[in-house]
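Heads up: the structure comes next, in structure tokens.
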Amino acid sequence: MNFILEATVKAVKHLYNTDIAAADINLQETRKEFEGQVTVVTFPFTKFSKKSPEQTGADIGTFLQDELVDVTGFNVVKGFLNISLADSYWIKQLYTEILPDNFAVAVPNGKKVMVEYSSPNTNKPLHLGHVRNNLLGFSVSEILAAAGYEVVKTNLVNDRGIHICKSMLAWQKFGEGETPESTGMKGDHLVGKYYVIFDKEYKKQIEELKAAGQTEDDAKKNAPLIKEAQEMLQQWEAGNEAVITLWKTMNNWVYTGFADTYKKLGVSFDKFYYESDTYLLGKDIVDEGLAKGVFFKKDDGSVWIDLTAEGLDEKLVLRSDGTSVYMTQDMGTAQLKYNDYHMDKSIYVVGNEQDYHFKVLFTILNKLGKDGAAGLYHLSYGMVDLPSGKMKSREGTVVDADDLMEEIEQKAKDEAEKRGKIDDFGEDEKANLFHTIGMGALKYFLLKVDPKKRLLFDPNESVQLEGHTGPFIQYTHARIKSLLRKAKITGNNISINQLAVEERELILALTQFPGIIQTAAEGYSPAIVANYVYELAKNYNKFYHQCPILSLEDEVLKQFRLQLSAASGKVINKAMKLLGIEVPERM
RNA sequence: GCACUUGUAGCUCAAUUGGAUAGAGCACCUGACUACGGAUCAGGAGGUUAGGGGUUCGACUCCCUUCAAGUGCACCA
């Protein structure tokens, strides 16, 4: 649509002798109830045209129609100039822009972006909240890559600390040598089981101490189990061989389990960082900050930054005993990542409960003048809530990621078998399809919502397969493929003179795809792609119902509609890939 | 208490970043060529955009305020 913008700039210059930038022109899709396909909002021009919005629109419209052969007409409603483009223009768009293989393939922009996501703790299996994180991180990576970035996907694994010691201790005390092999349990679930056991036994001890007269706070501190866990953490830090061996063993169980879950989710990483390697980093940055006067030291030796001028608080960056806190590590890790990759942007996909932490972290790195600090971004997403409220692992109200995927595949299976269209599929083929549809439903459900909003998930209603859903879009694709199996595309560059409304609207929707990718990349929002591809599928379905294809006598028109169908199928496929969703040939 | 975020149809979500009569899906009602694949399509009903004030040609969108919900305010991560 650049040619409309350029001509409008020219029109304004010519008519009103005023210079405007193309980027300042508000160009939008014409609403369905008016004639035309693109609309220029002309209200802002009245400032210098000194005429009514109607007259201004009419002036510019006339100019455009004289200037551009593809503009066949216009109408003006208040400050809206609705422009009609020739059918030949849209047909040309299909053949010269949309159908070629390089449609919506961005030229590399020479910039590198790192996306950190998932970042699990190694003491329990992944749950629904992690699922949202993983899908967001993966999809945003795909979108950025499609927008021309070189993308590095990283996972910062929280593999050390008191939480994993709790699981280790409980396993040592109550595990009786259980292993994933001996129990047949997935490694992460087995370790999670002992995390729960720890909590149960710990609570028991707290109650006992309270019964013996201690206050709740004292009991929490004095319970033997928590003391043992803290001791174990110290031994770990001291490099105690037995503790390290146990730690490695149990973490490996978890990694095997995670790998399985990641595979089912369809997410992947280019680089893993482990906190056991990074938790001591950052102290040199503390020194640097002190030298630069960005940080200050209190009498007890602790180091702080004063961010009250930025509307934040004073924040601790190093303990008085010289050990690291979360912030210290994250400063160090940011530096490590930058040293490794020298990326232009660095995205952290982390829940909104850490908004404050990242605000402080980024402010610090900017104040220190660190390279890459300007490119830091916290992709903050809302919590996933159940109808009963927040998920609480200790209260057993978490929705486990593996269970969830299994349930949804089961539902996809029930629905598919009910419809009986794939009875000739082999067993593997069926299993594959159920996974595709189930994951399509789940991923689409989680990704269609604006990341920053909290998300309500009702496990009882599970995920819908009809309406505004992933399977709706997958179905549209499968139907296009079915069509293309029955009739072959023979020619290219077929010329027809006139378009049906549905055809024009479908082409219009297709042309928007590259812009959608850019917008989604700028906003780090898979939801934009998700809502677009739904609109596109609806447009196709409308066309499909309204316009006959296979039964057509007119071979030229038939070929055109087949080409249009093929183009739609391709864009649906590409858009869904950006969401990490596969589309089937049949379903 | 302070800070940040959110509030749109009964429910789940949109709204081209300040533009036209606020749009979809689910659920509810009515229809569709003897199915080019009905996981589809067409139509109906459903709204004081949480309440109030302001800014301007124009506000779901920006500002102020009240209310409600969520999150954060550790020498935890």
Side-chain angles (χ1 to χ4, degrees), chain A residues 26-34 39 41-44 46-47 52-53 77-80 82 121 158 160-163 275 279 298 300-304 311-313 316-327 329-330 351-357 359 380 382-383 385 389-390 412 415-416 418-419 421 437 441 445 448-450 452-458 461 464-476 478-483 486-487 512 515-516 519 523 527-528 530-532 534-535 537-538 540-542 544-552 558 561 565 586-587:
Chain A
N26 189 338
L27 193 73
Q28 50 190 281
E29 194 182 334
T30 304
R31 294 181 68 114
K32 298 251 186 297
E33 58 265 39
F34 302 103
T39 295
V41 182
T42 56
F43 281 112
T46 57
K47 283 197 194 89
S52 68
V77 182
K78 291 187 274 183
F80 298 93
N82 303 318
N121 292 350
N158 188 359
R160 51 136 255 134
I162 192 73
H163 55 271
E275 274 195 31
Y279 81 108
K298 289 193 176 173
D300 61 4
S302 58
V303 180
W304 298 72
L312 306 171
D313 296 322
L316 179 89
V317 294
L318 193 73
R319 290 196 190 98
S320 54
D321 63 4
T323 58
S324 304
V325 289
Y326 184 34
M327 193 60 74
Q329 284 187 46
D330 264 7
N352 64 11
E353 61 214 338
Q354 295 195 35
D355 284 354
Y356 189 77
H357 172 76
K359 210 179 265 183
S380 162
M383 300 287 99
D385 289 328
K390 206 188 162 177
E415 293 295 318
K418 199 168 78 189
R419 292 178 168 88
K421 293 176 188 169
I437 296 174
F445 184 83
K448 77 171 184 188
V449 182
D450 184 346
K452 69 170 180 286
K453 292 194 177 172
R454 61 183 266 276
L455 194 130
L456 191 77
F457 186 89
D458 189 340
E461 291 193 14
Q464 298 296 323
L465 303 177
E466 293 174 356
H468 188 179
T469 66
F472 169 92
I473 299 160
Q474 291 174 319
Y475 175 74
T476 305
R479 210 162 49 173
I480 290 170
K481 285 294 176 168
S482 165
L483 204 56
K486 288 178 183 160
Q512 290 167 342
I516 289 290
T519 310
I528 289 171
N531 286 303
Y532 165 76
Y534 172 65
E535 286 300 323
K538 273 211 303 191
Y540 183 81
N541 287 335
K542 219 172 264 187
Y544 179 88
H545 271 268
Q546 199 58 38
C547 304
I549 301 171
L550 294 184
S551 60
L552 284 176
K558 183 172 171 181
R561 288 183 174 167
S565 297
R586 290 177 56 192
M587 66 186 275

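Every chain is numbered from 1 and lettered A, B, ... according to where its sequence line falls, protein lines coming before strand lines.
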Atom-to-atom span, [atom1] of [X] to [atom2] of [N] - whole angstrom:
{"X": "A/Lys359", "N": "B/rU71", "atom1": "NZ", "atom2": "C1'", "value": "12 Å"}
{"X": "A/Asp355", "N": "B/rC73", "atom1": "CG", "atom2": "P", "value": "11 Å"}
{"X": "A/Asp385", "N": "B/rG7", "atom1": "CG", "atom2": "C1'", "value": "14 Å"}
{"X": "A/Tyr279", "N": "B/rC76", "atom1": "OH", "atom2": "P", "value": "15 Å"}
{"X": "A/Leu318", "N": "B/rA74", "atom1": "CG", "atom2": "C1'", "value": "15 Å"}
{"X": "A/Glu415", "N": "B/rU40", "atom1": "CD", "atom2": "P", "value": "11 Å"}

Would you please determine if the base of [N] is stacked by [X], with stacking meaning a centroid separation under 5.5 angstrom and planes under 30 degrees?
{"X": "A/Phe80", "N": "B/rG19", "value": "no"}
{"X": "A/Phe43", "N": "B/rG19", "value": "yes"}
{"X": "A/Tyr326", "N": "B/rC76", "value": "no"}

inquiry  = Within this structure, what is the CD1-CD1 distance for the pair A/Ile516 and A/Ile528, rounded to the nearest 0.5 Å?
reply    = 7.0 Å
message = Working to the nearest 0.5 angstrom, can you tell me the gap between A/Tyr356 OH and A/Leu312 CG?
response = 4.5 Å
Which one is paired to [N], where only Watson-Crick or G-U wobble pairs with both distances under 3.5 angstrom count?
{"N": "B/rU16", "answer": "none"}
{"N": "B/rC67", "answer": "B/rG7"}
{"N": "B/rC62", "answer": "B/rG54"}
{"N": "B/rA42", "answer": "B/rU30"}
{"N": "B/rG72", "answer": "B/rC2"}

So what does [X] touch, heavy atoms closer than 4.0 Å: a base, only the sugar-phosphate, or nothing?
{"X": "A/Tyr534", "result": "sugar-phosphate"}
{"X": "A/Ala478", "result": "base"}
{"X": "A/Leu456", "result": "sugar-phosphate"}
{"X": "A/His545", "result": "base"}
{"X": "A/Leu27", "result": "nothing"}
{"X": "A/Ala527", "result": "nothing"}
{"X": "A/Val41", "result": "base"}
{"X": "A/Phe472", "result": "sugar-phosphate"}
{"X": "A/Met587", "result": "base"}
{"X": "A/Gln512", "result": "nothing"}
{"X": "A/Glu466", "result": "sugar-phosphate"}
{"X": "A/Asn121", "result": "nothing"}

Polar side-chain contact [X]-[N] base: donor and acceptor under 3.5 Å:
{"X": "A/Asn82", "N": "B/rA20", "answer": "yes"}
{"X": "A/Ser551", "N": "B/rC36", "answer": "no"}
{"X": "A/Thr476", "N": "B/rA39", "answer": "no"}

Do the side-chain N or O atoms of [X] get closer than 4.0 angstrom to the phosphate oxygens (OP1, OP2) of [N]?
{"X": "A/Arg454", "N": "B/rU6", "answer": "no"}
{"X": "A/Ser482", "N": "B/rG37", "answer": "yes"}
{"X": "A/Arg479", "N": "B/rA39", "answer": "no"}
{"X": "A/Asn352", "N": "B/rU71", "answer": "no"}
{"X": "A/Lys78", "N": "B/rU21", "answer": "yes"}
{"X": "A/Lys453", "N": "B/rG7", "answer": "yes"}
{"X": "A/Lys32", "N": "B/rU21", "answer": "no"}
{"X": "A/Arg31", "N": "B/rG23", "answer": "yes"}
{"X": "A/Arg319", "N": "B/rA77", "answer": "yes"}
{"X": "A/Tyr475", "N": "B/rA39", "answer": "yes"}

task = Using the P atom as the reference point in each nucleotide, state the distance between B/rG46 and B/rA22 in Å, no decimals.
result =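 Their P atoms lie roughly 14 Å apart.
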remark   = From the candidates B/rG19, B/rG37, B/rC75, the one with an atom nearest any side-chain atom of A/Leu483 is B/rG37
ask   = Can you tell me if A/Ser565 and A/Tyr544 form a side-chain donor-acceptor pair at under 3.5 Å?
value =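 Looking only at side-chain atoms, A/Tyr544 and A/Ser565 do not form any donor-acceptor pair under 3.5 Å.
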query = Which residue lies toward the 5' end of RNA chain B, A/Gln546 or A/Thr469, if each is placed at its nearest nucleotide?
reply =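 Of the two residues, A/Thr469 wins.
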request  = For A/Thr39 and for A/Ile528, find the nucleotide of RNA chain B with the closest heavy atom, then tell me which residue's nucleotide is more 5'.
outcome  =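 First, find each residue's nearest nucleotide; the 5'-ward one identifies A/Ile528.
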request  = Name the orientation of the base relative to the sugar in B/rU17: syn if the glycosidic angle is within 90° of 0, else anti.
outcome  =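 Syn, which is what one calls it when the glycosidic angle falls within 90° of 0.
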request  = Would you please classify the geometry between the A/Phe43 ring and the A/Phe80 ring as parallel, tilted or perpendicular, with 30° and 60° separating the classes?
outcome  =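 Rings of A/Phe80 and A/Phe43: perpendicular, over 60°.
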key: Aromatic plane relationship, A/Tyr534 with A/His468 - under 30° parallel, 30 to 60° tilted, over 60° perpendicular   =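 Parallel: the ring planes of A/His468 and A/Tyr534 meet at under 30°.
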